[in-house]
Amino acid sequence: MLLAEVAAASAEIASASARLAKTRRLAILLNRVAADGDARLVAVTASWLSGELPQRQIGVGWAALRTLPPPATSATLTVADVDARFSRIGAVAGKGSRTARAGLVRDLFETATDAEQVFLRRLLSGELRQGALAGVMSDAIAEAAGIPAAEVRRAAMLAGALPTVAAAALTGGRPALAEFRLRAGRPVGPMLAQTASGVDDALQRLGGTAIFEAKLDGARVQIHRAGSAVSVYTRSLDDVTSRLPEVVAATLALPATDLIADAEAIALRPDGRPQRFQVTAARFGRKHPGDLEPLSVFFFDLLHLDGSDLLDLPTRDRLDALDALVPAARRVDRLVTADPAAAQNFLDRTLASGHEGVMAKSPSAPYEAGRRGSGWLKVKPVHTLDLVVLAVEWGSGRRTGTLSNIHLGARDPAGGFVMLGKTFKGMTDAMLAWQTERFTELAEGPTDGYVVRLRPEQVVEIAFDGVQGSTRYPGGMALRFARVVRYRDDKSPTEADTVDTVRALYERGG
DNA sequence: TTCCGACAGTGGGGTCGCAAT
DNA sequence: ATTGCGACCCCACTATCGGAA
């Protein structure tokens, strides 16, 4: 199988708009690879065309792809060859590794045709832009193997990976898929949540009664125990066991042999209130924990216990099992209610304890592994400020040709504006068109660079989740998850919110 | 025929580890 | 010592397709 065939398929998929057409094209390609009889090649192809490398990461990013050699004129690279080259690139380590890696990347691109270079560059930079990733690939595997889509999806969630499922489906068929079961030690796609605007919205969407839980501002962990062996995975299923000895110890203290659980790891202050997220992130990111900032762990779901799979049980039953296993001090706070006032009170109390918000869960919903299920909703308070647009950046991909990412400034009472971050979120296509025109008028100097500086005249209402410390911005603060609500043509920059307002919010802890 | 769930795309700030400068 | 890069923690939001209602 030639790389050229895969690159051509990717280009065709990108140019089709119908999802069914993309699925069909992917299925044809998968069947062609499967005809070679090599399961590894099926897995590699499925992985690439869902935007991932089987090696996960190989230390090559955007910067390493900035300058590439001229392309080859004939297509000689095979899928197997490129896969092997990726492994070699990823295995380079130590002093001189950057240079060595760059050399291997250059060799690869020298051997690739123009079309292949485009594909490889997109794949390695994580911007495949073919309108098809894991979701479409899952359906394509089903179509190629003649298996119901739901079965492929479920196997992928239980395997925590699509490529192995692709290989199994196309070489072993339906019986091979049935082999994928929940197993302690093999990570599972975590269930994710949708957003609700408040507890009333959450109660209504969940059908009247909800399980409310404290939403801790830490890092999600999936904990597996098989006998005395504990492993801990992140939301993206990376193994972080060695970084989190506290989590391992807390898990070994539980009266069980085998389990799979969902939990949050978070750094707490001595008084039990949460540290800022940055403290947890620093500790979580550290490979060798040392003696700094101990992490606490709080369990909130149980998927497997001593031979029994629980994930298809309703939430209330899974939580009964969790409560019987984990002491209350190691679980997140919880309230089951249908009463909006009681729910609001729980949210208020949770926020007063310094936490991020609450989760609202359907008592009857199963654990939808790997999905952003409608059975889980998050509720977090939203702040808004009227800020001034200081500059704007040209967009990429589908935003090419529009002025997209705006730089946000708060008014400095002493004069001028203090930048607090950027945002590209919340803009409709109509807003993008409007702001491209508006900011072209406000441009202070050339508009052909990446960043276009503006006269500070346009006020914009910005929603955000909180204020965090920053070394990047001059005020020492940056907005967390900033997004545009609307442009305010009824306000002048002299009426914009001040940096003092932002600082007060920061010092209040949020 | 309309509605809505799921998915892909477009990027945000912060932190770490590590190689290069 | 500092800087740049890659990887990954937290993530919000809109457009689109196609099946559900």
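The figures that follow rest on heavy atoms only: side chains count, while hydrogens, waters and symmetry mates do not. Every chain is numbered from 1 and lettered A, B, ... according to where its sequence line falls, protein lines coming before strand lines.
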Among the candidates [options], find the nucleotide nearest to the side-chain atoms of [X].
{"X": "A:Arg129", "options": "B:dA6, B:dC16, B:dT10", "answer": "B:dT10"}
{"X": "A:Arg235", "options": "C:dC11, B:dG12, B:dT15", "answer": "C:dC11"}
{"X": "A:Lys380", "options": "C:dA12, B:dG11, B:dC16", "answer": "C:dA12"}
{"X": "A:Ser404", "options": "B:dG14, C:dC8, B:dG11", "answer": "B:dG11"}
{"X": "A:Val136", "options": "B:dA6, B:dA8, B:dG17", "answer": "B:dA8"}
{"X": "A:Ala63", "options": "C:dG6, B:dG9, B:dT15", "answer": "C:dG6"}

Subject >> Degree of bending, the helix from B:dA8-C:dT14 to B:dT21-C:dA1 (end axes from five pairs; round to 10°) >> reply: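 Rounded to the nearest 10 degrees, the bend comes out at 20°.
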Subject >> Modelled atom types, side-chain donor and acceptor of A:Thr501 and A:Thr498, under 3.5 Å >> reply: yes
Original post:
Is the closest side-chain donor-acceptor distance between A:Ser404 and A:Thr402 under 3.5 Å?
Top reply: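 No pair is found: no donor N or O on one side chain lies under 3.5 Å from an acceptor on the other.
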Could you pull out every donor-acceptor pair under 3.5 Å between side chains of residues 215-222 of chain A and any protein atom, sequence neighbours left out?
| unit_1 | atom_1 | unit_2 | atom_2 | d |
| --- | --- | --- | --- | --- |
| A:Lys215 | NZ | A:Glu356 | OE1 | 2.9 |
| A:Asp217 | OD1 | A:Arg480 | NH2 | 3.2 |
| A:Asp217 | OD2 | A:Arg480 | NH1 | 2.8 |
| A:Arg220 | NE | A:Asp262 | OD1 | 2.9 |
| A:Arg220 | NH1 | A:Met191 | O | 3.1 |
| A:Arg220 | NH2 | A:Met191 | O | 3.0 |
| A:Arg220 | NH2 | A:Asp262 | OD1 | 3.3 |
| A:Arg220 | NH2 | A:Asp262 | OD2 | 2.7 |
| A:Arg220 | NH2 | A:Tyr367 | OH | 3.4 |
| A:Gln222 | OE1 | A:Val188 | N | 2.8 |
| A:Gln222 | OE1 | A:His224 | NE2 | 2.9 |
| A:Gln222 | NE2 | A:Val188 | O | 2.8 |

Subject >> Within residues 187-219 of chain A: residues closer than 4.0 Å to DNA chain C (heavy atoms) >> reply: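 Going residue by residue through residues 187-219 of chain A, the ones with a heavy atom under 4.0 Å of DNA chain C turn out to be A:Lys215, A:Gly218, A:Ala219.
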Original post:
Near DNA chain C, under 4.0 Å by heavy atom, which residues of residues 54-62 of chain A?
Top reply: A:Gln57, A:Ile58, A:Gly59, A:Val60, A:Gly61, A:Trp62
Just the table, please: protein N/O against nucleotides 18-21 of chain B N/O, every pair under 3.5 Å.
| unit_1 | atom_1 | unit_2 | atom_2 | d |
| --- | --- | --- | --- | --- |
| B:dA19 | OP1 | A:Gly94 | N | 3.1 |
| B:dA20 | OP1 | A:Arg98 | N | 3.2 |
| B:dA20 | OP1 | A:Thr99 | N | 3.3 |
| B:dA20 | OP1 | A:Thr99 | OG1 | 3.2 |
| B:dA20 | OP2 | A:Gly96 | N | 2.8 |

Subject >> Stacked cation flag A:Arg186 on A:Phe180, 6.0 angstrom / 45 deg >> reply: no
**OP:** Identify whether NZ of Lys or CZ of Arg in A:Arg334 sits under 6.0 Å from the centre of the six-membered ring of A:Phe212 and within 45° of that ring's axis.
**Re:**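 Verdict for A:Phe212: no cation-pi partner in A:Arg334.
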**OP:** Classify every nucleotide of nucleotides 14-21 of chain C by which part a protein heavy atom approaches to under 4.0 Å, writing B for the base, S for the sugar-phosphate alone and - for neither, in 5'-to-3' order.
**Re:** SSBBSS--
Original post:
Atom CZ of A:Arg66 and atom C1' of C:dG4: how far apart are they, to the nearest Å?
Top reply: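 Going from CZ in A:Arg66 over to C1' in C:dG4 covers 9 Å.
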Original post:
Got a salt bridge between A:Lys22 and A:Asp139, using NZ or NE/NH1/NH2 to carboxylate O under 4.0 Å?
Top reply: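 Salt bridge absent between A:Lys22 and A:Asp139.
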Subject >> Pairing of A:Lys422 and A:Glu393 as salt bridge, 4.0 angstrom limit >> reply: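 A salt bridge is present here (some side-chain N lies under 4.0 Å from a carboxylate O).
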